[in-house]
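Keep in mind that what you see is a predicted model, and the values were worked out from it rather than measured.
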Amino acid sequence: QVAPAQRVGARAAGSAWRCGRHRMCDRCCDGARLLAGLQTSTMSPVGAVCEVPPTLPPSMPGPLEEAAVPAACGDTVSDSNPTSNAPAAPKRQETMATVATGVALGPPDGLDPAVIYKLYRGATGHLGAQQCRIWVEFPALQLCWTRFDAPATAADRASLFELSRCSFATTADGEQDLHSVSVFSPRRPPFREAAAASPSQTAAPKVQEEEDDDVEAVRIVGPCPALAEFGRALALLFVSRDTEGRGGLEFIQRRLFQYLWKHQGDSRSEAALYEAQAVLAFNLEPKEGVAYVRSRLGRLTDEQVGEWLAQMSTQKGGLDPTMLGLYFSRRDTLDVFKAFVRCLDFSGADIVDALRQFFDSFKPGGESQVITRILEFFAEAYYVQWRGSLAAAKAGEGEQGANPAPAAYKNPDSVLKVAVSLIMLNTGLHVAPKKLGKNASNAQMTIDEYIQNTRLVVDADEVPNECLLTWYDAIKAKEISLHPMPRTAFSDLPVPPDIEGWLVAVMGPKVQRRFWAVLALQRLYLFCDASDVDPYDAVDLKDGRVVPVLSDPLARDRFASDVHSNWFACIPSASRAARRSRANLPPDAEERAFEVCCTFTGPLARVGDGNAAMAVRARLSKPRTRLALVAETADLMEKWVNLITSGPY
């Protein structure tokens, strides 16, 4: 422990100061105080160059409180009397670090992480007759508005320091409320802060302009309630800028990643955080994850653990299907697996649909004996629910079509035999042809072979030929396979994201799409402007590869071919800037781009580059195996690459 006066006086000659644990450089010394309003027990300053995170003194202030330290970092104090120049109650501005221009930096008092998140995420509405999104691009300190899914151009953005104010209103429009947000710019010279101002001086608040001197820069109207929340948050942002100076906005600009991270932590309860830790622990080591579930979540019995695993797998989609299958392949987990299967809802489902649902939740591992044991438990659970659905349908209480195929199973053993025959059919139609390649046409099981094989184990009075024909067509049309990501709503994911923010996907010279990207559980969720809840696509990155474009010559060449057409490539005199302008990308896009290499299976798999002929070829060709993404800054690009590469553990 070091006395406060010694901490202040140690930097009198510009040298770094020491605490009781380690040496802190000048950046960490400033960062420790700058992050006083954001620091939590698990958060460390971004960009700190010390190997050991700095420990804040016990007297560090909480969020939005005045710092109660004797003097700011960098104040000169005499060695003979280190406390003589320390004021008793310094103002907040005296504890702020300063940049080269003399602008004081510090967390703004009126903007908490939730407000920052609303501004950065933005809201949707209409600009005239066109659907658009409006948001604050904090890395550039600009307000952006543009049509759905399009990157913002120079004409679709304005500096936060060149806008004067905003107003928002809500009016009744029939049965729904209509919200509007108007942003104004001044006729007079825009808001500026004197660059030569002393860092110890308080920035003079901006005098409110007369409303007659303001010009409406943009007006967004729409029924989305998020638009009204965005208007309130933007008004708070302008108030903070006018009263506290530009230092608060530049502080957010430099600490945006931490604001978003803290917002996610604040939005989850303690129980939800424990649940997230249990999911991550299970995906890393199932046995230790189950022990964590028993000790921290209070799921003590095997039945309770099985119920929790079923909920996480089918409803929230957080568990790794491969790790779940490996856990169930052990003999000491039979009771847990029985409880897991009983929690799956097969009521009203045909046996083919039930098998799809069953294998969507986990990937079976182990030998054929393990698969047989798994199917035995499935047969018992399905038979019980099938009889219940059949009884309800006969009583007129079940849904119409609850038993679409006229099967009449006598016992669970009959269900097991049918399930095994369907797995063999799935192998004969899809798995074996993939392994044989050119001889695949001779390897597929025919309908006659399937009926003949099934009749060896199941009688026609239990499963008539109509059932077999229906099942054969269903499996031939769509394989029973494991989806790498459980098909659950993104909003139900039990873990907070590793990182989120705006990315631009470069799919050709004429096609660039802006996505709100969220990285969670080694999956990259991409949201378009049409929905903030359901992702447009979800990319499985578990076996993927990601590299910065500039660090890989081949990736750099591929990115160059993405951003300009062959017509420009044939002109030797065409400059690089001219080629990029054709793709409507900023000049430094290459420095902010990274490439994701994996097999895309969603909507992005066959998106063309805007050319009609290329679009046709894209639909007929193989799925996309790479995608170039452009982040807002080079620093954010590095964060995306590092977090994708390191994984969630």
Should R592 and E632 count as an ion pair when the cut-off is N to O under 4.0 Å?
no

Taken to the nearest 0.5 Å, the spacing of R219 CZ from F168 CZ works out to 14.0 Å

At what distance, to the nearest 0.5 angstrom, does CZ of R232 lie from CG of L237?
16.0 Å

Among I134, L178, V221, T124, which one satisfies side chain to side chain contact (heavy atoms under 4.5 Å, CB included) with L227?
I134

Could you check whether any side-chain N or O of N283 sits under 3.5 Å from a backbone N or O of D320, counting only pairs where one atom can act as donor and the other as acceptor?
yes

For residues Y120 and E500, is any side-chain donor paired with an opposing acceptor at under 3.5 Å?
no

Is R133 paired with D532 through a side-chain N to carboxylate O contact shorter than 4.0 Å?
yes

Could you tell me if Q142 and S159 have a donor-acceptor pair between their side chains, going purely by distance under 3.5 Å?
no

Electrostatic pair D266:K262 at N-O distance under 4.0 angstrom
yes

Using a strict cut-off of less than 4.0 Å between a Lys/Arg side-chain nitrogen and an Asp/Glu carboxylate oxygen, indicate whether D529 and R514 qualify as a salt bridge.
yes

Would you please classify the geometry between the W502 ring and the W135 ring as parallel, tilted or perpendicular, with 30° and 60° separating the classes?
tilted

Exercise: do N642 and T645 side chains pair donor with acceptor under 3.5 Å:
no

Report the residue from Y525, F527, F515, W516 that forms a ring-ring contact (aromatic ring centres under 6.0 Å, His included) with Y536.
F515

For the side chain of S551 and the backbone of P548, is there at least one donor-acceptor N/O pair under 3.5 Å apart?
yes

Assess whether a salt bridge exists between R513 and D537, defined as any Lys/Arg side-chain N lying under 4.0 Å from an Asp/Glu carboxylate O.
no

